[in-house]
S.K.: 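Encoded as structure tokens, here's the structure I'll be asking about.
FYI, side chains are in, hydrogens and waters are out, and symmetry mates aren't considered; it's all heavy atoms of this structure.
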Amino acid sequence: MREKPTGSIHQLGEADAATLRRLWAKTKGTNPPKTFTARLMRLALAWDSQAAVEGREISEVRQSWNRIIKDRSGSGATKKVAKTSSNPIAGDGTRILKEWGGTTHEVLVTEDGASWNGQSYSSLSALARAMTGTNRNGPKFFGLRERGAS
């Protein structure tokens, strides 16, 4: 059974991973994902704690609503709107030059994502991952977002 998050956020900062796992199970009713580090558990538990104090919806409820909205958006018009608004920073046909690994790379933003070296990618993030070998925020990696913005 789920319980309301208890304790202060300061206590979360001092808790070790085992304590955070117990608190997660107690408040969320499940074990945390195996891939979650202590830092991620702290962030998620702090979010839920703040949401409870401020009377906002917890992340689990927000994610459930997002799933429902996604499942119900089956019409072509809705999908088209979502697709065009997914990359408002750089439109179809935008050419991006990126210096990486001592080489200047040319990337072309397409309607379906982006292309680089003759390959198509579903997003700038997928392309950045292919280019660098690590997970990256594509718009940020290609300089399309300010450094302070997330």
S.K.: Looking at Thr132 and Ala128, would you say the former's side chain and the latter's main chain have a donor-acceptor pair under 3.5 Å?
M.R.: yes
S.K.: Might you point out which heavy atoms bring Leu108 and Gly93 nearest each other, and give the distance in Å?
M.R.: CD1-O, 3.6 Å
S.K.: Measuring only between side-chain heavy atoms, which start at C-beta, is Leu23 closer than 4.5 Å to Leu12?
M.R.: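 Leu23 vs Leu12: side chains touch.
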S.K.: Which value, rounded to the nearest 0.5 Å, describes the distance between Ser125 atom OG and Lys140 atom NZ?
M.R.: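 Going from OG on Ser125 over to NZ on Lys140, the span is 11.5 Å.
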S.K.: What distance do Asn137 atom CG and Leu124 atom CG have between them, rounded to the nearest 0.5 Å?
M.R.: 9.0 Å
S.K.: If the condition is side chain to side chain donor-acceptor pair (under 3.5 Å), which residues does Trp24 pass it with, not counting sequence neighbours?
M.R.: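 In terms of side chain to side chain donor-acceptor pair (under 3.5 Å), with neighbours along the sequence ignored, Trp24 is linked to no residue.
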S.K.: What pairs with Thr37 under side chain to side chain donor-acceptor pair (under 3.5 Å), at least two apart in sequence or on another chain?
M.R.: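 For Thr37 there are no side chain to side chain donor-acceptor pair (under 3.5 Å) partners, ignoring immediate neighbours.
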S.K.: Kindly write out the residues that satisfy side chain to side chain donor-acceptor pair (under 3.5 Å) with Arg136, not counting sequence neighbours, or none if the list is empty.
M.R.: Thr134
S.K.: Find the distance between CZ (Arg39) and CG (Leu20) and round it off to the nearest 0.5 Å.
M.R.: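 Interatomic distance, Arg39 CZ to Leu20 CG, rounded to 0.5 Å: 13.0 Å.
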S.K.: For residues Met131 and Val107, determine if any side-chain heavy atom of one lies less than 4.5 Å from a side-chain heavy atom of the other.
M.R.: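 Yes. Closest side-chain heavy atoms under 4.5 Å.
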S.K.: Kindly state each residue pair satisfying ring-ring contact (aromatic ring centres under 6.0 Å, His included) with at least one member in residues 92-114, sequence neighbours excluded.
M.R.: Trp100-Phe141, His105-Trp116
S.K.: Take Lys28 and Asp48, measure what side chain to side chain contact (heavy atoms under 4.5 Å, CB included) needs, and give me the verdict at the end.
M.R.: CA-CA 10 Å; Lys28 294 185 172 280; Asp48 288 349; 2.4 Å; yes
S.K.: So do Leu45 and Thr27 actually touch side chain to side chain, heavy atoms under 4.5 Å?
M.R.: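 Side-chain contact under 4.5 Å: yes.
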S.K.: Please name all residues satisfying side chain to side chain donor-acceptor pair (under 3.5 Å) with Arg21, sequence neighbours left out, ordered by chain then number.
M.R.: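 Counting only residues at least two positions away or on another chain, Arg21 forms no side chain to side chain donor-acceptor pair (under 3.5 Å).
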S.K.: Going by the salt bridge (Lys or Arg N to Asp or Glu O under 4.0 Å) test, which pairs reach into residues 95-110, not counting sequence neighbours?
M.R.: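 Found Arg95-Glu106.
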S.K.: Measure from the side-chain N and O atoms of Arg42 to the backbone N and O of Ala15, and report whether any donor-acceptor pair falls under 3.5 Å.
M.R.: yes
S.K.: Ignoring hydrogens and geometry, is there a side-chain-to-backbone donor-acceptor pair from Ser115 to Ser120 under 3.5 Å?
M.R.: no
